[in-house]
Participant: 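Would you mind keeping the following structure in view while I ask a few things?
Throughout, residue positions are numbered sequentially from 1 according to the sequence presented. Start at 1 and go down the list; that is how both ligands and their atoms are numbered.
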Amino acid sequence: MSQKLIQVKDLKKYYNGGDVKALDGVTVDVYKGDVIAVIGPSGGGKSTFLRSLNLLETPTSGSIIFDGVDITGKKVDLPLHRQKMGMVFQHFNLFPNRTILDNLTMAPIKIKKMPKTEAEEKAMALLQRVGLADRANDWPAQLSGGQKQRVAIVRAMCMHPEILLLDEITAALDPEMVREVLDVVLSLAKAGSTMVIVTHEMNFARAIADRILFIENGAVVEQSDDPKAFFASPATDRAKAFLKSFDYE
Ligand code: ADP
């Protein structure tokens, strides 16, 4: 049995004094090496769930045990825990006035106090893995959207996180650039990275995930550790209705 990395217990996140129940009692365990795809209709709570995992959203109630520590507790060293979780967003947010290599080494040098040469070596090795080693000295503006998103993934990996949280990372990309980004994520998954991925790419979710979480109205409506079976015949009417609107083989 692999090790439990995150334990989410009865997580609730309400907005507007409780009028909006973005998360209404989510309980999920994430094990080391898990690749979890979070899917469901827009507004269902997927992003809130992901952002709650590293406390970009403060839960209304419930707990998140990460590496044995309840990170929703008052005295927790939040920056330390956040370092262990790499997050990649829809928009890459690279610093435009820094080279690609600088963008990658800033956090390891500043936050992890890694020596510059070591940070650069590690960044170059990761850039190599995503096919962008020759762009290390370019400015972000010289890269395509797909390339920038690959750099953003590398930036997260440079901190050696225990888990990667990916929030709709291909949603803002031109269609022809989606594949190159998803291929990078697939290769990381194959190499054993633990990931929670919010995505609207159903073929990708089916191909990459060990587990599917179908979230709607702030709740996990269906959960499956057999993605192929889930996509072939979901158990709930809600998931069936949702999947009908997608064109996947
Ligand atoms: P999804 O990622 O599935 O599209 P979200 O997690 O973004 O869903 O949103 C879940 C619900 O919470 C939606 O009803 C959304 O409008 C609401 N919501 C999200 N963020 C906020 C916020 N900062 N203030 C108020 N409501 C919010």
Participant: Taking the six-membered ring of F92 as reference, does the NZ or CZ atom of K148 fall below 6.0 Å from its centre and within a 45° cone about the axis?
Facilitator: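 Checked: cation-pi criterion not met.
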
Participant: Run through ligand 1 for me and note each protein residue having a heavy atom under 4.0 Å from it, chain first, then residue number.
Facilitator: Y15, V20, A22, P41, S42, G43, G44, G45, K46, S47, T48

Participant: With the side chain counted from C-beta on, respond yes when L213 and E222 share a heavy-atom pair under 4.5 Å apart, and no when they do not.
Facilitator: no

Participant: With a 4.5 Å heavy-atom cut-off, do F230 and D225 have their side chains touching?
Facilitator: no

Participant: Less than 4.0 angstrom from a charged side-chain N to a carboxylate O is my criterion; do D167 and R51 meet it?
Facilitator: no

Participant: Does R150 come within less than 4.0 Å of E180, counting only side-chain N to carboxylate O?
Facilitator: yes

Participant: Within the 4.5 Å heavy-atom criterion, are Y31 and D210 side-chain neighbours or not?
Facilitator: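 Contact flag for Y31/D210 side chains = no.
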
